[in-house]
Amino acid sequence: MDEREARRAKLQRLREKGVDPYPHRFDRSHTIAEARRLGEEAGDDAEPARVRLAGRLTAIRRMGKASFAQLEDQDAQIQLYLTVDKTEDFQSFKELVDRGDMVGVEGTFFVTKTGELTVQAERFVLLAKALQPLPEKYHGLRDVETMRRQRYLHLIADSEARQLFKKGSRIVLLVRAFLDQRGFVEVRTPTLQPIYGGAAARPFRTYHNELKRDLYLRISPELYLKRLIVGGLDRVYEIASVFRNEGIDSHHNPEFTLLELYQSFADYTDMMKLTEEMVRFVAQEVNGSLTLPARSVDGHEVEIDLGPPWRRLTYLDAIKEYAGVDVSTVATRDEALAAAAGAGLTVTELQELTWEEVLGRLFDERVERRLVEPTFIMDYPAALCPLTKRHRSDPRLAERFEPFVAGMELGNAFSELSDPEYQAAQFALQRERAQSGDEEAHPTDDDYVTALEYGLPPTGGLGIGLDRLVMLLTGAASIRDVILFPLQRASGG
RNA sequence: GGGCCGGUAGCUCAGUGGCAGAGCAGCGGACUCUUAAUCCGUCGGUCGGGGGUUCGAGUCCCCCCCGGCUCACCA
């Protein structure tokens, strides 16, 4: 008999007996973790404590007139003992309850002769009859595709997965606590935007029927948050779901969670300090440690120290150090191409790129993955940074930095461009790039320029990819391991 | 998009041209201290989909779908 049919038949028999297999509530007295503490403290001598527990049955070991079972809730599990002479309606348990069912039990503690804390169940109640069989009890669920498509099944079958996602939640909570301590105000800005902006990315497009207009899912909350700084909110942040219409790989999901914060009267050096301190605080609280195991580019196990200060390295010095190309002397596209060839890149593929793009390729190919120790790469070519102030001592550069840890880009920050006329000129340049086919050029936002005309104070801005921060602090190898429901293709077959 | 690897029972996996298998789960039976319970018996298949080669295809060939890794693209 097919297992699903067997479970449906049991469900039918339960209903015929007048049992509600999907009741409305259950009063539990303790979580299983609390109950374990209670039972362990009580010892043998005390009056046995009575508990009412609820969870899922993850294993049942049936004997003729007695059964052991494992009851598991979010954080812990405990053994149950049911017997024909002490458990009410033992026969129903024996015949109609399956592994995977949600149940509530009431009983008292005892310790088995092998020393395991166990609840002698006097009563049990079905809380939800499971009609689907569970993954194999010993090997669990191994199929990565099923884990992601049916995350509920992954969470049922793997308590470590539950703990990992709880840890991700706690990391976000700690980020909020850190920013709250420093006077940042959490705000919500539009997800549906008439003009998208704040990053170089292609958007998802949608349509509002009543307004008869196109809207975009945001690629960033940046321009709205800076409007709030103009409005006099000194320190604001948003933990935003953002959407970028681009490829999927181990570090990119089309929908991800971006922390953006803006601090009045600050610049990018303040943002570096804030980044260091925020990561230090969160790591210490969530891991109890500032060190992380990681793998260097040549495959060695290394230990990363997240403690401040992080290394500070300019973009050009990074290329000099890791790619062996002194680009401070490279002023033209041809010289950049020659430098790239010298570093071993294939020049034919680079023919159509600008010199900034050639540098970018050099950086991506030769530098990024080697940035294992926490490092701020700072002072990017100005042409890549249309929302950033020029560098105070070198107009070819912009005051922008990106933090890298374990070869992974964690975010993006800058001294925010506040000159409205210069910003308008930057938008004009972006329009030219869009007309020449750059699908990631920033669209012009005239109202944003108007906001700047009212006066944006000196402002430091920081964006942190929270999914990547969670990856870093949990050791996850793929962003799809820290996003509960990552985007998947329609299942084939 | 390219390369490599994978998709076989509910789950975990064997099966490299000749009868589609094992363990777990399920079902029936025995069993009141088990914990990957044990013992006896038993059911269970669109071998990812389609086409081809062959007397014969899970296995070989072609196309397609899904996933993983990787390279490219992309912040």
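Naming convention: chains lettered A, B, ... in sequence-line order (proteins, then strands); numbering from 1 in each chain.
Comparing the same atom, P, in C63(B) and in G56(B) gives a spacing of 23 Å after rounding to whole Å. Going from the C1' atom of U59(B) to that of G21(B) covers 15 Å, rounded to whole Å.
Base contact: Glu116(A) has a heavy atom under 4.0 Å from a base atom. The residue Glu402(A) sits close to a base: some heavy atom pair falls under 4.0 Å. Among the protein residues, Arg202(A) comes within range of no part of the nucleic acid, since none of its heavy atoms lies under 4.0 Å from any strand. Arg400(A) comes within 4.0 angstrom of a base, heavy atoms only. Using a 4.0 Å heavy-atom cutoff across all strands shown, Ala6(A) reaches sugar-phosphate atoms only and no base atom. Backbone-only contact: Arg142(A) has heavy atoms under 4.0 Å from sugar-phosphate atoms and none from a base. Using a 4.0 Å heavy-atom cutoff across all strands shown, Leu134(A) reaches no nucleic acid atom at all. When heavy atoms are screened at a 4.0 angstrom cut-off, Asn412(A) is found touching no nucleic acid atom at all.
Within the structure, the salt bridge (charged side-chain N to carboxylate O under 4.0 Å, His left out) test picks out no pair touching residues 248-261 of chain A (sequence neighbours left out). Among pairs with a residue in residues 475-488 of chain A, those fulfilling side-chain hydrogen bond (donor to acceptor under 3.5 Å, both in side chains) read Arg148(A)-Asp481(A), at least two apart in sequence or across chains. For residues 400-414 of chain A, the pairs satisfying salt bridge (charged side-chain N to carboxylate O under 4.0 Å, His left out) are Arg400(A)-Glu402(A), with sequence neighbours left out. Among residue pairs with one or both ends in residues 116-140 of chain A, those qualifying as salt bridge (charged side-chain N to carboxylate O under 4.0 Å, His left out) are Arg50(A)-Glu122(A), Glu88(A)-Arg123(A), Asp98(A)-Lys129(A), Asp101(A)-Lys129(A), Glu106(A)-Arg123(A); sequence neighbours excluded. Identified under the salt bridge (charged side-chain N to carboxylate O under 4.0 Å, His left out) test for residues 214-227 of chain A, with sequence neighbours left out: Arg218(A)-Glu238(A), Glu222(A)-Lys226(A), Lys226(A)-Glu416(A), Arg227(A)-Asp445(A), Arg227(A)-Asp447(A).
Pair check for G58(B) finds none; no Watson-Crick or G-U wobble contact set falls under 3.5 Å. Base-pair partner of G17(B): not found among the strands shown (Watson-Crick or G-U wobble, both distances under 3.5 Å).
For the OP1/OP2 pair of G67(B) and a distance below 4.0 Å, the side-chain nitrogens and oxygens of Arg149(A) include at least one atom meeting the criterion. For C33(B), neither phosphate oxygen OP1 nor OP2 lies less than 4.0 angstrom from any side-chain nitrogen or oxygen of Arg61(A). Listed pair Arg480(A) / G68(B) meets the phosphate criterion, a side-chain N or O lying under 4.0 Å from OP1 or OP2.
Looking at residues 93-108 of chain A, you'll see that no heavy atom sits under 4.0 Å from any atom of RNA chain B. For RNA chain B, the neighbouring residues in residues 79-92 of chain A, judged by any heavy atom under 4.0 Å, are Gln79(A), Tyr81(A), Thr83(A), Val84(A), Asp85(A).
Partners of Asp394(A) by salt bridge (charged side-chain N to carboxylate O under 4.0 Å, His left out), not counting sequence neighbours, listed by chain and number: Arg396(A). For the side chain to side chain contact (heavy atoms under 4.5 Å, CB included) test, residues two or more places apart in sequence or in another chain that qualify with Met272(A) are Tyr268(A), Arg312(A), Phe376(A), Met378(A), Phe401(A).
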